[in-house]
Participant: 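A single structure is presented below for examination.
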Amino acid sequence: MSRIKPIAIIQSMSGKVCEHSDMYFRTNKQTQKVYTGKICNPSETEPSEAQVRVMNRFAKISAAVDQLLSEPTERDKWQKSYLAQHKHGSLKGYVFAKINSQYDEDGKKKE
């Protein structure tokens, strides 16, 4: 199998090409490899109650991460531990993974 080196415009793409497209591009920041994907057979039904709970939980944790990283001292603290690891590709993803267990199924912070 041959290897393909994408042109510069493709290398810098991330996400959808346009809102009508079902093709996604993603560049791995550490390896600089470009991945593409296509949504096949997307769901056309309304999300279930369980799916809505998961989406709401994700939104609440994501907002908590944004608020946490907006504080310079906290951001510096997390940045040091993020740079020492190679599993997560972004600081926000790293912090999300670390604080995810601190929230219950409804997105409320555990006491």
Participant: Could you measure the distance from the NZ atom of K77 to the OG1 atom of T73? Nearest 0.5 Å is fine.
Facilitator: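 It comes to 8.5 Å.
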Participant: With side-chain contact (heavy atoms from CB on, under 4.5 Å) as the test, would you mind laying out the steps for F96 and H88 before giving the verdict?
Facilitator: CA-CA 10 Å; F96 190 100; H88 301 280; over 6 Å; no
Participant: Which residue pairs pass the salt bridge (charged side-chain N to carboxylate O under 4.0 Å, His left out) test with at least one member in residues 39-49, sequence neighbours excluded?
Facilitator: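 As it turns out, the salt bridge (charged side-chain N to carboxylate O under 4.0 Å, His left out) pairs with a partner in residues 39-49, which skip direct neighbours, are E49-R53.
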Participant: Please tabulate, one pair per line, all N/O donor-acceptor pairs under 3.5 Å involving side-chain atoms of residues 61-72, not counting sequence neighbours.
Facilitator:
unit_1, atom_1, unit_2, atom_2, d
S62, OG, K92, NZ, 3.3
D66, OD1, K92, NZ, 3.0
D66, OD2, K92, NZ, 3.4
Q67, NE2, E71, OE2, 3.2
S70, OG, Q67, O, 2.6

Participant: Give the minimum heavy-atom separation between Y94 and Q85, together with the two atoms involved.
Facilitator: CE1-CG, 3.7 Å
Participant: With rounding to the nearest 0.5 Å, note down the distance linking CD in Q51 to CG in N56.
Facilitator: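 Nearest 0.5 Å value for the CD-CG distance: 12.0 Å.
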Participant: Could you list the cluster mates of V52? Members are the ILVMFWY residues connected by side-chain heavy atoms closer than 4.5 Å, either directly or through other members.
Facilitator: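 Traced through the cluster, V52 reaches M55.
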Participant: Evaluate the side-chain contact (heavy atoms from CB on, under 4.5 Å) criterion for residues W78 and I99: first the C-alpha distance (whole Å), next the side-chain angles of each, then the deciding distance (0.1 Å), finally the verdict.
Facilitator: CA-CA 11 Å; W78 284 104; I99 71 167; 4.2 Å; yes
